[in-house]
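Predicted model, so just to flag it, every value in this text is computed and none were measured.
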Amino acid sequence: MKFARAAAGLLASQLLLTGCTSMSSASHSVTEEVRPVASLAHCGLTAPGLVLVENAAQWQKLSSSLGAQLPAWPEESDHWLMVASLGQQRTGGYGVDFENAGMDGHQLKVSVKVRRPAADAMVTQALTTPCIVFELPSTGWKTVTVAGEAPFPISREHP
């Protein structure tokens, strides 16, 4: 009888651990699929924000309308592209760098670091529109939030 209870307890704990591992690996795989594709000094978006693009036709239309050289659409059909923009800046020296990605429930969180020129830095006197382009999975999340210094955080709901 003691052996049967011990075996049942061991089996239950094994199932519980397996379930936890499966859930954690599911969220882990979503965050592993968030990849920075390009950090650009000029992407053409004059206002700060997030643009989430679901297919190659939308991406081509956006790229053409901005007059910027954006990266190619991803090969994987279950991935989208997202642009996080700082908006228009008066000088060079601004940029956005990827730090990490994680899941909080159904919220995909992407952390970025905003680069600004030092107060005494020599910079180009030209209007720039810095941004970062991410590839992310099309499923596995309900909201995506890009967090960092102003103008972030900014969130978008899954379409």
Side-chain angles (χ1 to χ4, degrees), residues 20-159:
C20 290
T21 303
S22 297
M23 286 190 300
S24 110
S25 66
S27 6
H28 185 65
S29 67
V30 168
T31 58
E32 279 184 348
E33 293 183 55
V34 176
R35 293 183 284 277
V37 176
S39 182
L40 305 168
H42 179 72
C43 63
L45 294 168
T46 57
L50 291 182
V51 178
L52 186 60
V53 182
E54 301 173 44
N55 60 54
Q58 289 176 349
W59 186 247
Q60 180 59 40
K61 185 176 179 180
L62 176 68
S63 186
S64 296
S65 72
L66 296 176
Q69 184 63 38
L70 297 177
W73 185 255
E75 296 286 324
E76 300 172 65
S77 62
D78 60 343
H79 282 73
W80 294 346
L81 291 178
M82 176 177 69
V83 181
S85 171
L86 292 181
Q88 186 171 293
Q89 304 299 317
R90 295 183 192 170
T91 69
Y94 288 87
V96 188
D97 297 316
F98 174 76
E99 288 192 318
N100 60 55
M103 289 293 291
D104 184 5
H106 294 289
Q107 183 178 30
L108 175 56
K109 290 187 174 183
V110 180
S111 295
V112 296
K113 180 174 173 63
V114 175
R115 282 184 282 118
R116 301 178 191 286
D120 60 349
M122 299 277 296
V123 293
T124 59
Q125 297 296 307
L127 296 177
T128 60
T129 54
C131 70
I132 188 166
V133 179
F134 295 100
E135 183 177 325
L136 66 158
S138 60
T139 61
W141 53 275
K142 290 186 180 179
T143 304
V144 61
T145 299
V146 174
E149 293 177 45
F152 306 108
I154 303 173
S155 298
R156 291 286 175 264
E157 297 293 318
H158 193 286

Nearest heavy-atom approach of I154 to G49 is CD1-CA, 3.5 Å
What is the ring orientation for W73 with W59, classed by angle as parallel under 30°, tilted 30 to 60°, or perpendicular over 60°?
tilted
Which residues pass the side-chain hydrogen bond (donor to acceptor under 3.5 Å, both in side chains) test with Q60, sequence neighbours left out?
S64
For E76, give me all partners under salt bridge (charged side-chain N to carboxylate O under 4.0 Å, His left out), at least two apart in sequence or on another chain.
R35
So OG of S63 and CD of Q69: to nearest 0.5 Å the spacing works out to 6.5 Å
For the residue pair L70 and L40, establish whether any side-chain heavy-atom pair is separated by less than 4.5 Å.
yes
Residues forming a salt bridge (charged side-chain N to carboxylate O under 4.0 Å, His left out) with E149, sequence neighbours excluded:
R116
Test item: T31 and E33 side chains (from C-beta on) under 4.5 Å apart, heavy atoms:
no
Who passes ring pair (Phe, Tyr, Trp, His ring centres under 6.0 Å) against F98, sequence neighbours left out?
F134
Point-to-point distance, once rounded to the nearest 0.5 Å, from CG of L45 to CD of Q88
11.0 Å
Can you name the nearest heavy-atom pair linking G140 to M103, along with the distance?
O-CE, 3.2 Å
Where the side chain of N55 meets the backbone of Q58, is there a donor-acceptor pair that is under 3.5 Å apart?
yes
Any side-chain heavy-atom pair of T129 and S85 under 4.5 Å:
no
Test item: S39 side-chain N/O and V96 main-chain N/O as donor-acceptor pair under 3.5 Å
yes
Let me confirm one number: the OG1-NE2 distance from T128 to H42, rounded to the nearest 0.5 Å.
9.0 Å
Nearest heavy-atom neighbours spanning F152 and A147
CB-C, 4.0 Å
Search all heavy atoms of V123 against all heavy atoms of P117 and return the closest pair with its distance.
CG1-CB, 3.6 Å
Under the side-chain hydrogen bond (donor to acceptor under 3.5 Å, both in side chains) test, residues paired with T91 that sit two or more places apart:
none
Below 4.5 Å, heavy atoms only, C-beta onward: do P137 and D78 meet side chain to side chain?
no
Rounded distance (nearest 0.5 Å) linking atom OG of S155 with atom NZ of K109
8.5 Å
Measuring from atom CD of E157 to atom OG1 of T143, what distance do you get when rounded to the nearest 0.5 angstrom?
3.5 Å
My understanding is that only residues two or more places apart in sequence, or in another chain, count here; which of them pass ring pair (Phe, Tyr, Trp, His ring centres under 6.0 Å) with H106?
none
Are the side chains of R115 and P130 in touch, meaning some heavy atoms are under 4.5 Å apart?
no
Side-chain donor or acceptor of R156 paired with backbone N/O of L50 under 3.5 Å
yes
Distance col, row Q89:CD vs T46:OG1, nearest 0.5 angstrom, shows 11.0 Å
Could you report the tightest heavy-atom contact between L66 and G44, atom names first, then the distance?
CD2-O, 3.6 Å
Do you know the tightest heavy-atom contact between V110 and V144?
CG2-CG2, 4.4 Å
